[in-house]
Amino acid sequence: MDSKERIAALIGRAMEAAYPGVEGLPALREIEAALEIPPDNKLGDYAFPCFRLAKPLRKAPPVIAQALLAAWDAPETATAEAVGGYLNFFFNRKNFAGEVLAAIGPDYGHADIGRGEVVVMDYSSINIAKRFHIGHLSTTMLGHSLKRILEMLGYKTVGINHLGDWGTQFGKMICAYKRWGTREMIETGGVDAMTALYVRFHKEAEENPTLEDEGRAWFKRIEDGDPEALEIFTWFKDVTLKDAQRVYDMLGVTFDAYTGESFYNDKMDRVVSELTEKGLLVESDGAMVVDLEADGMPPCLILKRDGATLYATRDIAAALYRADTYHFSKALYIVAYQQDLHFRQLFKVMEKMEYPWAKGLVHVSFGMVSFEGQALSTREGHIVYLDDLLIRAVEKALKIIEEKSPDLPNREEVARQVGIGAVVYTVLSNNRIKDIDFRWDRALNFDGETGPYVQYAHARCCSLLRKAEDAGTAGGTPDYAALCDDEAQDVLRLLARFLEVLREAADKYEPSMVTRHVTRIAQAYNKYYYEHRILEGEPGEVAAKVRLTQAVRDVLREGLWLVGIDAPERM
RNA sequence: GCGCCCGUAGCUCAGCUGGAUAGAGUGUUUGACUACGAAUCAAAAGGUCGUGAGUUCGAAUCUCGCCGGGCGCGCCA
């Protein structure tokens with residue numbers, strides 16, 4: 001039972017004592033839900049608004065608050081105070097400190113809400129023959145972070161990189177390669193060389209439209225398993241994946257599977273036959289579609305006029321395969337909001353196919369990335385590649401380290417953690433639905449609410465703990481009376497709320513909630529640090545303050561880890 | 001034209017399932033390193049919560065209209 005539940009139970013008891021036998025009073029659950037955190041800490045740790053009781057009790061809210069106050073009989077847990085229509089509670093600060101700090105250990109954050117249920121996660125999903133750029137960062141980091149958060153809460157996750165490795169574009173690529181490319185060109189130039197070939201193809205196709213047919217023919221050869229076409233295709237794929245792997249390694253992102261679109265090439269017949277069996281497939285303008293007019297949506301295209309499959313067909317095949325293979329209870333598609341309609345259609349079709357797991361399909365959508373106010377464009381060069389961004393962020397971090405911590409060992413590694421932490425923090429600090437307009441100055445800012453800010457607070461904790469260790473002041477029995485001041489209590493409240501935040505972040509698929517909470521803890525601790533001398537005082541007091549510092553370090557480290565940011569011990 | 005999303009301080013954003021005086025960061029101005037780490041902290045200034053109505057004891061939050069912006073709307077993915 002946490003402190004909130006306990007307060008709720010005690011309010012219930014006071015209500016029973018003050019107004020025995022009255023109908024229509026809120027149940028325990030409702031009391032707990034009504035409990036709120038006052039806007040100002042001076043008002044209390046929790047507040048219970050009495051307005052809703054006015055009706056059933058036929059009394060004014062302030063009168064009710066007074067009556068409940070009179071019936072309040074648990075001063076050892078919290079003292080109460082009636083202010084207007086509110087009943088405000090102040091925890092016994094010493095006990096609160098002891099309880100909060102006792103709960104924080106290596107397992108803090110772990111829970112078994114998921115009970116081992118499988119969550120399939122589709123994220124990152126990069127395209128073959130394209131370089132990793134800032135437009136891929138949101139899906140990649142959202143997926144990575146949600147994976148860690150869900151695992152922490154007891155879910156089993158399967159991370160899938162649903163590669164964009166299918167479509168006529170790859171026929172065009174091969175066509176371009178055969179005409180103007182060489183093996184050496186790709187081997188040395190990598191993905192950039194492939195992109196250059198693709199751009200050239202489009203340019204030349206404007207003059208020479210027969211190229212388009214040639215491209216389609218090459219794609220047909222890939223589909224039919226022609227050895228030459230397939231060899232080039234898989235080679236391009238390998239080169240792209242190797243290039244992307246460098247970025248994934250820098251970010252620490254991993255996947256359990258790389259089953260992309262091409263993987264489902266031989267699994268499309270089942271989609272068509274099942275849809276036909278279930279009577280969902282109808283002809284429309286020569287194409288085969290699932291009609292969704294009754295659901296207020298445009299039809300979902302399954303087969304083109306020429307009988308070829310489409311994006312939606314492949315996504316249905318993927319969903320069927322994932323259901324069979326992983327027996328998921330939830331499947332998350334971490335894809336930009338551009339595709340809102342596509343997923344609404346897709347989920348509706350799955351629902352119409354009457355698969356019980358269809359209700360577990362979730363589109364975790366997020367905002368679009370632009371660069372200095374304009375849409376990203378590879379062709380016009382209006383783009384920021386991720387490795388350029390990461391390299392510049394790391395360089396900047398290294399420069400700051402050289403200025404501020406010239407004696408730091410392994411500074412390259414720390415610069416890497418800090419620079420990348422700054423970039424990752426930026427994508428996971430706002431609600432995911434927000435569009436991001438990328439600006440270099442903002443991305444390379446390490447002051448204020450940033451990744452380095454939180455990392456710095458963590459490193460500061462580590463530094464203090466090293467000093468406490470050296471001085472031998474860490475071991476004594478903590479006297480929690482030393483943590484009754486406002487600043488320490490602010491820190492403790494935030495630490496106590498971490499679990500709640502974690503659950504909500506998982507519920508809403510919103511890692512930014514963790515990022516922000518961790519930032520608030522760092523802010524509160526920094527303030528505490530300036531107001532109090534941690535390593536000075538009576539042994540019991542020092543032990544308590546050191547214990548608080550330990551807890552902050554642990555929660556910061558864990559919170560940062562959950563959003564994919566490393567926490568160096570020195571920086 | 002229709003559908004979905006967004007609109008809070010100069011800028012970037014929080015605001016918990018309707019609750020107390022709307023909060024951070026950044027930028028601007030100013031103060032604090034012979035101090036357990038100044039990538040820090042403190043202070044000032046900065047708001048008709050796009051707009052108009054409605055519901056409610058109470059609305060940034062819920063409903064509707066309007067304005068502004070983004071995205072999408074049959075054979076691309």
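Since we're looking at a predicted model, the values are computed, not measured. All chains are named by letter (A, B, ...) in the order of the sequence lines, taking the proteins before the strands, and each is independently numbered beginning at 1.
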Expressed in angstrom and rounded to an integer, what is the separation of [X] atom [atom1] from [N] atom [atom2]?
X        : N     : atom1 : atom2 : answer
A:Arg432 : B:C5  : CZ    : P     : 13 Å
A:Arg460 : B:A38 : CZ    : P     : 5 Å
A:Tyr453 : B:U26 : OH    : P     : 9 Å

Heavy-atom donor-acceptor pair, A:Thr139 side chain to A:Ser124 backbone, under 3.5 Å: yes
Select base, sugar-phosphate, or nothing to describe what [X] touches, counting heavy atoms under 4.0 Å on all strands.
X        : answer
A:His517 : nothing
A:Leu310 : sugar-phosphate
A:Pro39  : base
A:Ala54  : nothing
A:Ser284 : base
A:Arg439 : nothing
A:Asn88  : base
A:Phe446 : base

With a 3.5 Å limit on both atom pairs, tell me what B:U21 is paired to, counting Watson-Crick and G-U wobble, or say none. none
With the six-membered base ring of B:C36 as reference, does the ring of A:Tyr529 sit under 5.5 Å away with planes under 30° apart? yes
What pairs with A:Pro62 under side-chain contact (heavy atoms from CB on, under 4.5 Å), at least two apart in sequence or on another chain? A:Ala60
Between B:U56 and B:C11, how many Å separate the two C1' atoms, rounded to a whole number? 36 Å
Taking the P atom of each, how far is B:G3 from B:A43, in whole Å? 49 Å
Name all pairs fulfilling the side-chain hydrogen bond (donor to acceptor under 3.5 Å, both in side chains) condition that reach into residues 44-59 of chain A, sequence neighbours left out, sorted by first residue then second. A:Asp45-A:Arg493
